2 protein chains.
Amino acid sequence: MVASLRLPSLTSLLFPATTRYPAALRRTLCLRNRPASGFATAPSGTSSPEVERLRSDRAVTPRSQDFNAWYLDVIASAELADYGPVRGTMVIRPYGYAIWEAIQEYLNVRFKETGHSNMYFPQFIPYSFIEKEASHVEGFSPELALVTVGGGKELEEKLVVRPTSETIVNHMFTQWIHSYRDLPLMINQWANVTRWEMRTKPFIRTLEFLWQEGHTAHATPEEAEKEARQMIEIYTRFAYEQTAIPVIVGRKSKSETFAGADITYTIEAMMGDRKALQAGTSHNLGQNFSRAFGTQFADENGERQHVWQTSWAVSTRFVGGIIMTHGDDTGLMLPPKIAPIEVVIVPIWKKDSEKTEVLSAASSVKEVLQTAGVRVKLDDTEQRTPGWKFNFWEMKGIPLRIEIGPRDVSSNCVVVSRRDIPGKAGKVFGISMDPSTLVAYVKEKLDEIQSSLLEKALSFRDSNIVDVTSYDELKDAISSGKWARGPWSASDSDEQRVKEETGATIRCFPFEQSQGTKTCLMTGNPAEEVAIFAKSY
Amino acid sequence: MVASLRLPSLTSLLFPATTRYPAALRRTLCLRNRPASGFATAPSGTSSPEVERLRSDRAVTPRSQDFNAWYLDVIASAELADYGPVRGTMVIRPYGYAIWEAIQEYLNVRFKETGHSNMYFPQFIPYSFIEKEASHVEGFSPELALVTVGGGKELEEKLVVRPTSETIVNHMFTQWIHSYRDLPLMINQWANVTRWEMRTKPFIRTLEFLWQEGHTAHATPEEAEKEARQMIEIYTRFAYEQTAIPVIVGRKSKSETFAGADITYTIEAMMGDRKALQAGTSHNLGQNFSRAFGTQFADENGERQHVWQTSWAVSTRFVGGIIMTHGDDTGLMLPPKIAPIEVVIVPIWKKDSEKTEVLSAASSVKEVLQTAGVRVKLDDTEQRTPGWKFNFWEMKGIPLRIEIGPRDVSSNCVVVSRRDIPGKAGKVFGISMDPSTLVAYVKEKLDEIQSSLLEKALSFRDSNIVDVTSYDELKDAISSGKWARGPWSASDSDEQRVKEETGATIRCFPFEQSQGTKTCLMTGNPAEEVAIFAKSY
């Protein structure tokens, strides 16, 4: 039996919202998270405001006050990641890594369902490989890490630590592919990659990051195009359904296309500060790499042809996207489907006489939910007060909290609170008689949270995209922090001008386009598509 | 209803054993597996016999004829791995990677059950870190790969590409551990590691390999010791129960202990050529790294103490161990629990009129088994003959084969053959009436194969260990290719002498020791333990 959600919870009475995160608690929460060195600093230690912020004793800066500071605070306080000893590197801590594992688990199933096999390529690539595809080397050479010494000796040929694997993949594909019978060849690898980035930010841009990179080879351009589209659609569904991020899916402009691709498809997400985050890409590589590496097959008529290829990737950057889409002043807010812990149970007692029955009830609730497949944690430590625990788990973004006090035990009920609706709680009665009531209630609430986060992000996104018909309108939209959407058929140099004058780039030509003739916002010429412009990470 | 296993199968009549692997087929099988460059060769291409072998057109060399050639042939023909473009690197192909995924899946569950969390540390380690622990730098410095250039610039401090992560782990642990309440800290990472090995061999020893490395910190030496023991026991159970490899678990001698550890526990496996393979290790690190990195905690009395640590690892080397334990002249033989495909179904028809009903029956069988959780493949390609398929899937080591021909369809049965018992097949009748008969039969056979492979490996192992009481007996045992087991309390220099004179090393002091007083085989002094000596990979 589920009571009205309008009843105030015992908890919100005991711990009113205004007392959340007292200054002393904030200090306690953050004390353990001071990095020794950090992003954007040399190992020797010249400091920056970002690092100073993390070194200070404050807990989560309100998001509304300073988005960047909030982001770094959340990562530190929720123990998602820490700074590695080498500038721009990141240690992914268990809680952050568990989110990445949830991403892996979902995508791995989708990749296998669609006929891809996992495998592993070496990370050391001969430097000469990178030079084989002209635009590829141009795009990647400024970002390379080079191994020049191995086993105590200077190497004859320096080795690139993979920034991406198209070159070594093609080197191997050339040996494996002989006839049309060997096609399509569809593989994926989960791996680390290295790009020597200058401006780094945890999860979003790090010297080394984790990703999956899919690589496929096909007999026809149509098949390659279909594959590239299929994979960006898998990413899109993943973003919407699992992470509640309403990405916009589209095609990159020529200047933003992957170095070595004919077409790059992208999913673009709007972060809480309204900056765009490129959250996943799928490339139609055409025959660029197969020509550079001689990857050929004999077709059904015995004629030698170059294969048509794709590659596609999603990285640990997605974790940053989840944080920056859903978090609020209080900290992290995780969509249930991607949350390492969906429900936290906080037992409450004052007298020792109450402890046993409260803990016993809490354990039963835990077991009931766990058996039903809910990821649940019982926080029964005695070192912290219930109030501390409420704040801590809210900051960690756990979607649902269940409280059980002595009065709840005697009235055979629990109090359930949603992370995304502060102060609002429901009571579930009769749980010892019929545990399925609680399970059904919890699952329903988790579903509601999942949908509600998506709706909220969607309405935030849509209210921050402005349809523009002129360059002036575009500039206004961008300078007010929004995204601009308008018809575009202008030149690369016009695109460059927009970037220089507004700081915004074309994020994509969205797949979703309105009907009818359009007029380019820049030139007044006919335009076939609208483009989306935004500042981005 | 299960008929007697003594009936000869339709298949063994149609394709007698003597016609297996005709020369032309051997060529076909291997044609696609010629690497462009290889292990033990420079990228520029000076060649070696091993590489030449793989470049030739022959298929699997019989194991009995040349073990090493057989091993490389199996890896190439079964498409487990290929050579990367950089000397000593390896591409793990989908079939080989699927075995690694099965290893990961099992161990990952055990690690989490025992309280470990996955996380990720950067692979770039400042060179100065490696130098902090004296024996660690001595052990690893000859094998390091160094990044000296990043983003086009010479780096101020060269970076080590991780050969193992104790140093960077301790750097981070020092920041995360403050009080006894932060202990135990128990983590694991799945990652790539780099060791600049001179003599490489696919899976067994490669410049870069994949592994998991667990790292834990504890408040007491007893807890650390318990953890180190627990993890080697998890590895031991994994080896026996999943991979059917009867490893011997024990302690390394001082000279074979991990660089930086107090104690190294090891599981040692006997390969088909009777060489030993160190298949997994668990180290009690004592306070060596915590002292070097200042990893301290305040105990319950507020006193600062250094933590006690462990680390433990299993790598892609295990895949090599599986190949070299169970394979036979015909190729790979996989224990069902670790096999990416447990059952292959080969439909057989001659006339087109038979095709539809045979394929339909084969599909039903596939579905029945798949639904029951059996990993099954239906090989319904028309480009190959059934004989070719039998040979191919045998070489790939699939534990069970199911044949369905027109006569089987009409008599409502299938023929089931075990990979590990050539020529012996069973018939299962009445499958369309009651699919559970087939499922039960298949599962029983898979269990039998799993046990049988373990028993066979165990008896092979035990018949090749000689108990010795003198150095002469030890030398005889080793020179006849066996392992020697004998009481040992001699010096490190005696141990070194054995190595130089016989090529064998102490693999371990096994946990399993007989009671009673012993006399050191070398010195005649009292000895507390027997040691096992063997040549090893």
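Side-chain atoms are counted along with the backbone in the values below, which use heavy atoms only and exclude waters and symmetry mates. Chain naming here is simple, since letters A, B, ... match the order of the sequence lines and numbering starts at 1 in each. From a predicted model like this one, the values you see are computed outputs, not experimental measurements.
- The aromatic rings of B:Trp196 and A:Phe124 are tilted relative to each other, their planes meeting at an angle between 30° and 60°.
- Neither the backbone nor the side chain of A:Ile177 comes within contact range of chain B; no heavy atom of the residue lies under 4.5 Å from a heavy atom of that chain.
- Between the CH2 atom in A:Trp176 and the CD atom in B:Glu79 there is a gap of 9.0 Å [rounded to 0.5 Å].
- For A:Arg181, the part sitting under 4.5 Å from any heavy atom of chain B is the side chain, from C-beta outward, and nothing else.
- At a 4.5 Å heavy-atom cutoff, A:Thr174 makes no contact with chain B through either its backbone or its side chain.
- Put simply, the side chain of B:Leu146 does not reach to within 4.5 Å of the side chain of A:Thr148, judged on heavy atoms.
- Between chain A and the options B:Pro142, B:Ala81, B:Pro94, B:Ser117, the largest number of non-hydrogen pairs under 4.5 Å is found for B:Pro94.
- Considering only heavy atoms from C-beta on, A:Tyr120 stays 4.5 Å or farther from B:Val91 through its side chain.
- Summarising the geometry, atom CG belonging to A:Asn118 is positioned 11.5 Å from atom CD1 belonging to B:Ile92; distances are rounded to the nearest 0.5 Å.
- Between B:Tyr83 and A:Met172, the shortest heavy-atom distance links the atoms O-CE, 3.3 Å.
- Only the side chain of A:Phe129 comes within less than 4.5 Å of a heavy atom of chain B; its backbone N, CA, C and O stay farther away.
- Taking the side chain as every heavy atom from C-beta outward, A:Ile125 and B:Pro85 never approach each other to under 4.5 Å.
- Here the side chains of A:Val149 and B:Lys158 are not in contact, with every heavy-atom distance at 4.5 Å or above.
- Proximity to chain B (any heavy atom under 4.5 Å) is restricted, for A:Leu144, to the backbone atoms N, CA, C and O.
- With a 6.0 Å radius and a threshold of 12 heavy atoms from other residues, nucleotides or ligands, A:Glu131 has its CD atom above the threshold.
- In this structure, chain B has a heavy atom under 4.5 Å from the side chain of A:Glu101, while its backbone stays farther away.
- If you take OH on A:Tyr97 and CH2 on B:Trp190, they are separated by 9.5 Å, rounding to the nearest 0.5 Å.
- The shortest non-hydrogen separation linking A:Glu208 to B:Gln123 is OE1-N, 2.7 Å.
- Between A:Glu157 and B:Arg87 there is no salt bridge, since none of the side-chain N atoms of the basic residue sits less than 4.0 Å from a carboxylate O of the acidic one.
- Nearest heavy atom pair, residue A:Arg162 against residue B:Asn192, reads NH2-ND2, 3.8 Å.
- Between chain A and the residues B:Pro122, B:Ala145, B:Ala191, B:Gly96, the most heavy-atom pairs under 4.5 angstrom are made by B:Pro122.
- B:Glu113 pairs by the side chain to side chain contact (heavy atoms under 4.5 Å, CB included) definition with B:Val109, B:Arg110, not counting sequence neighbours.
- Applying the ring pair (Phe, Tyr, Trp, His ring centres under 6.0 Å) criterion to B:Phe289, with sequence neighbours excluded, gives B:His136.
- With a 4.5 Å cut-off on non-hydrogen atoms, B:Thr194 touches chain A through its side chain but not through its backbone.
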